Q: 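Below is a structure I'd like to ask you about.
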Amino acid sequence: MRKTYKILAFLLIFALLPLVSCAKKDDYQTKYIFAMDTDINIHISADGDVRELFSLCERLIYSIEDKLSKTRTCSDVYRLNAGERVKCDEVTLAVLERAQTAYELSDGAFDPTVAGLVEMWRKCEEINALPSEDRLAAELSRVGFERLHIENGETWLETGTKLDLGGVGKGYAETAVAELIKENAHAFGVRGFMLDFGGMVGVFGEKANGENYRVGLRDPDNAKKNRGRVELAEGFVSVSGDYERYVTVGGEKYHHIIDPKTGYPAQNGLRSVTVISDDGATADALSTALFVMGLERALELCEREDIQAVFFLSDGEVKTAGGANYIK
Ligand code: AMP
Ligand code: MG
């Protein structure tokens with residue numbers, strides 16, 4: 001590891017721990033990885049040395065990234081986006097299945113075929129101009145999960161449509177890592193672990209004093225502060241917010257969560273949505289989906305599907321659903 005990365009890793013370890021409390025810093029061994037365009041921290045509390053387990057986790061994350069990356073020329077997603085018919089790996093198929101469930105539940109608010117629109121907004125920043133009506137209409141005409149086909153073991157996209165699994169892939173990878181650590185828990189004497197994949201947190205196993213884990217929720221207006229926390233015995237917590245990633249056009253910020261109906265970043269009075277689930281991919285996809293749906297439709301879906309969620313609104317109000325244990 002280069003020296004700068006070492007320093008970065010050190011800083012990140014101590015940046016994450018305040019987010020997940022009920023654990024003494026020195027109880028945990030930590031591994032920092034940069035993958036999936038994300039800072040990843042894995043913290044394991046164990047009786048023995050877990051460096052070998054960290055290596056297994058690292059290899060697993062890179063192997064998932066190899067299938068889902070938009071930029072690696074051999075990945076399933078790259079090849080699908082290039083118009084090929086692909087015999088996809090089971091990882092890619094599993095992620096597509098989760099994406100489809102979120103697409104259906106959210107009535108199209110979650111739709112990974114927004115890749116063309118994401119790319120369009122990146123270009124808008126480069127040329128510092130908003131999209132023309134024609135460009136927007138052209139991109140919108142290529143959006144729609146029903147333009148992805150899986151038949152006889154082959155997957156392909158209709159002409160011009162592209163995939164971006166950035167709204168669900170990290171959650172999938174986090175669940176896979178959690179499963180791997182659980183499978184090896186006995187061999188390495190693992191007592192508990194905390195995963196942080198850039199805003200997607202997973203907490204498992206024994207905690208100090210038998211208390212619940214506490215996951216701090218970032219104040220949308222202040223990156224240095226939390227606005228309350230959620231408490232849980234174990235599981236995954238995913239946050240989708242308008243402050244996470246954005247492009248700047250004409251001095252205005254345009255965030256990274258796109259409404260597939262308008263082509264513009266979703267703007268509906270929500271600043272962030274947090275979803276708690278025992279499955280990482282579900283938490284990841286649903287936090288993105290609910291953010292696009294807006295409060296009213298999101299609350300209906302949470303009620304119908306029993307989804308635990310916390311909503312931070314533009315006016316500073318906080319709403320919860322599904323019995324999410326939010327503490328101010
Ligand atoms: P997240 O940060 O998990 O909420 O996911 C946001 C990422 O998902 C973006 O950076 C895009 O890569 C992708 N994305 C943006 N809008 C959508 C959408 N409406 N449905 C699915 N994925 C999306
Ligand atoms: Mg997501």
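The residues of the chain are indexed from 1 along the displayed sequence. It should be emphasised that the depicted structure is a prediction, and the values quoted were computed from it without experimental measurement. Note: hydrogens, waters and symmetry copies are ignored here, and every other heavy atom, side chains too, is used.
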Q: Atom OG of S75 and atom CG of D66: how far apart are they, to the nearest 0.5 Å?
A: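 So the gap between those two atoms works out to 8.0 Å.
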Q: Can you run down the salt bridge (charged side-chain N to carboxylate O under 4.0 Å, His left out) pairs that involve residues 312-328, sequence neighbours left out, and say none if there aren't any?
A: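 Only E317-K319 qualify under salt bridge (charged side-chain N to carboxylate O under 4.0 Å, His left out).
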Q: Rounded to the nearest 0.5 Å, how far apart are CG of N152 and NZ of K87?
A: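 Here the rounded value is 8.5 Å.
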Q: Looking at D242 and R271, is there a salt bridge between them, counting it only when a charged N and a carboxylate O are closer than 4.0 Å?
A: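 Result for this pair is yes, salt bridge flagged.
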Q: Check side-chain contact (heavy atoms from CB on, under 4.5 Å) between T159 and all other residues, then give those that pass, not counting sequence neighbours.
A: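 With neighbours one apart ignored, the set is empty.
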Q: Roughly how far, to the nearest 0.5 Å, is the CE atom of M194 from the CD atom of E234?
A: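 It comes to 13.5 Å.
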Q: Would a hydrophobic clustering, with Ile, Leu, Val, Met, Phe, Trp and Tyr connected at side-chain separations under 4.5 Å, put V310 with L313?
A: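 No; L313 is not reachable from V310 via cluster members.
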Q: Which atom pair, heavy atoms only, marks the closest approach of M293 to A109?
A: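 Heavy atoms only, the tightest pair is CG-CB, 3.5 Å.
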Q: Can you sort out the partners of F193 under ring pair (Phe, Tyr, Trp, His ring centres under 6.0 Å), two or more places apart, ordered by chain and number?
A: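 With sequence neighbours excluded, F193 shows a ring pair (Phe, Tyr, Trp, His ring centres under 6.0 Å) to F204, given in chain and number order.
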Q: Would E133 and R135 pass as an ion pair if we require N to O under 4.0 Å?
A: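 No, E133 and R135 are not salt-bridged.
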Q: Find the distance between CG (L301) and CD1 (I307) and round it off to the nearest 0.5 Å.
A: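 It comes to 4.0 Å.
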Q: Which is it for K170 and D37 under the salt bridge (charged side-chain N to carboxylate O under 4.0 Å, His left out) test, yes or no, and what are the steps along the way?
A: CA-CA 10 Å; K170 281 182 294 195; D37 206 15; over 6 Å; no
Q: Can you see which heavy atom on G144 is nearest to which on T113, and at what distance?
A: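 Where G144 meets T113 most closely, the heavy atoms are N-OG1, 2.7 Å.
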Q: Heavy-atom count around E97 CD within 6.0 Å, excluding the residue itself: above 12?
A: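 No, the 6.0 Å shell around CD holds no more than 12 heavy atoms from other groups.
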Q: List the residues meeting side chain to side chain donor-acceptor pair (under 3.5 Å) with R122, not counting sequence neighbours, and say none if there are none.
A: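 R122 satisfies side chain to side chain donor-acceptor pair (under 3.5 Å) with E119, E126 only.
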Q: Please collect all ring-ring contact (aromatic ring centres under 6.0 Å, His included) contacts where either partner lies in residues 58-89, sequence neighbours excluded, each pair once.
A: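 Non-adjacent pairs meeting ring-ring contact (aromatic ring centres under 6.0 Å, His included): zero.
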Q: Any heavy-atom pair between the side chains of V177 and I61 that's under 4.5 Å?
A: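 Yes - at least one pair of side-chain heavy atoms lies under 4.5 Å apart.
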Q: Could you check H149 against E158 for side chain to side chain contact (heavy atoms under 4.5 Å, CB included), going step by step and ending with a plain yes or no?
A: CA-CA 8 Å; H149 302 276; E158 287 179 32; 2.8 Å; yes
Q: Is there a side-chain contact between Y28 and I44 in this structure, where contact means two heavy atoms from C-beta onward sitting under 4.5 Å apart?
A: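 No, every pair of side-chain atoms sits at 4.5 Å or beyond.
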Q: Could you state whether M36 and I257 fall into the same hydrophobic cluster, counting links through intermediate Ile, Leu, Val, Met, Phe, Trp or Tyr residues with side-chain heavy atoms under 4.5 angstrom apart?
A: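 As far as the 4.5 Å side-chain criterion goes, I257 and M36 are not connected within one cluster.
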Q: Tell me, please, which residues at least two apart from T282 pass side-chain contact (heavy atoms from CB on, under 4.5 Å).
A: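 S277, D279, L286.
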Q: Heavy-atom distance under 4.5 Å between the side chains of V275 and V239, does that happen here?
A: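 Contact flag for V275/V239 side chains = no.
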Q: Inspect the contact between R304 and E300 and indicate whether a charged nitrogen and a carboxylate oxygen are less than 4.0 angstrom apart.
A: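 Between R304 and E300 there is no salt bridge, as every charged N stays at least 4.0 Å from the carboxylate O atoms.
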Q: Mind checking whether D259 and K261 have side chains closer than 4.5 Å, heavy atoms only?
A: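 Heavy-atom side-chain distance check passes, below 4.5 Å.
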Q: SG/C57 to CD/E52 distance, rounded to the nearest 0.5 angstrom?
A: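 The SG atom of C57 sits 11.5 Å away from the CD atom of E52.
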Q: Look up atom CG in D89 and atom NZ in K67, then write down how far apart they are to the nearest 0.5 Å.
A: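 So the gap between those two atoms works out to 4.5 Å.
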Q: List the residues meeting side-chain contact (heavy atoms from CB on, under 4.5 Å) with K225, not counting sequence neighbours, and say none if there are none.
A: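 side-chain contact (heavy atoms from CB on, under 4.5 Å) check on K225 returns D219, N222.
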Q: One pair to check against side chain to side chain contact (heavy atoms under 4.5 Å, CB included): T161 and L148. What are the steps and the verdict?
A: CA-CA 8 Å; T161 299; L148 172 109; over 6 Å; no
Q: I'd like to check D49 versus Q29 (side-chain heavy atoms, cut-off strictly below 4.5 Å). Are they in contact?
A: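 SC-SC contact between D49 and Q29 confirmed.
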Q: Please say whether the positively charged group of R98, taken as NZ for Lys or CZ for Arg, lies over the ring of Y172, i.e. under 6.0 angstrom from the six-membered ring centre and within 45 degrees of the axis.
A: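 That pair does not qualify as a cation-pi contact.
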Q: Run through the side-chain heavy atoms of Ile, Leu, Val, Met, Phe, Trp and Tyr, join any pair under 4.5 Å, and report what else lands in Y254's cluster.
A: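 ILVMFWY cluster around Y254 also holds V114, L117, V118, M120, W121, L130, L136, L140, V143, V247, V249, I258, Y264.
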Q: Taking a hydrophobic cluster as the set of Ile, Leu, Val, Met, Phe, Trp and Tyr residues connected by side-chain heavy atoms closer than 4.5 Å, whether directly or through intermediates, do F54 and I33 fall within one such cluster?
A: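 As far as the 4.5 Å side-chain criterion goes, I33 and F54 are connected within one cluster.
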Q: Answer yes or no: is there a side-chain heavy-atom contact under 4.5 Å between P260 and V292?
A: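 Yes, close enough: below the 4.5 Å cut-off.
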Q: For F197, which residues count as a ring pair (Phe, Tyr, Trp, His ring centres under 6.0 Å) partner, sequence neighbours excluded?
A: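 F197 satisfies ring pair (Phe, Tyr, Trp, His ring centres under 6.0 Å) with no residue once adjacent residues are dropped.
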Q: Within the 3.5 Å criterion, strictly below it, is a donor on S287 or S238 matched to an acceptor on the partner's side chain?
A: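 Yes, side-chain donor-acceptor contact under 3.5 Å.
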Q: Please report the closest heavy-atom contact between S69 and R72, naming both atoms and the distance.
A: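 The answer is OG-N, 2.9 Å.
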Q: Any heavy-atom pair between the side chains of T30 and N41 that's under 4.5 Å?
A: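 With C-beta onward as the side chain, the pair touches.
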Q: Taking side chain to side chain donor-acceptor pair (under 3.5 Å) as the definition, give me every residue that meets it alongside Q267, ordered by chain and number, with sequence neighbours left out.
A: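 Partners of Q267 under the side chain to side chain donor-acceptor pair (under 3.5 Å) test: none.
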Q: Consider only side-chain heavy atoms of I, L, V, M, F, W and Y, link residues closer than 4.5 Å, and tell whether V86 and W156 are in one cluster.
A: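 As far as the 4.5 Å side-chain criterion goes, W156 and V86 are not connected within one cluster.
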Q: Check whether L195 and L68 end up in the same hydrophobic cluster, where Ile, Leu, Val, Met, Phe, Trp and Tyr are linked by side-chain heavy atoms less than 4.5 Å apart.
A: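 L195 and L68: one cluster.
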Q: Are the side chains of L217 and Y326 in touch, meaning some heavy atoms are under 4.5 Å apart?
A: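 Yes, close enough: below the 4.5 Å cut-off.
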Q: If a pair satisfies ring-ring contact (aromatic ring centres under 6.0 Å, His included) and one of its residues is in residues 88-116, list it, with sequence neighbours excluded.
A: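 Residue pairs passing ring-ring contact (aromatic ring centres under 6.0 Å, His included), neighbours aside: Y103-F145.
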Q: Taking only residues two or more places apart in sequence or in another chain, which ones pass ring pair (Phe, Tyr, Trp, His ring centres under 6.0 Å) with F291?
A: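 With sequence neighbours excluded, F291 shows a ring pair (Phe, Tyr, Trp, His ring centres under 6.0 Å) to H255, given in chain and number order.
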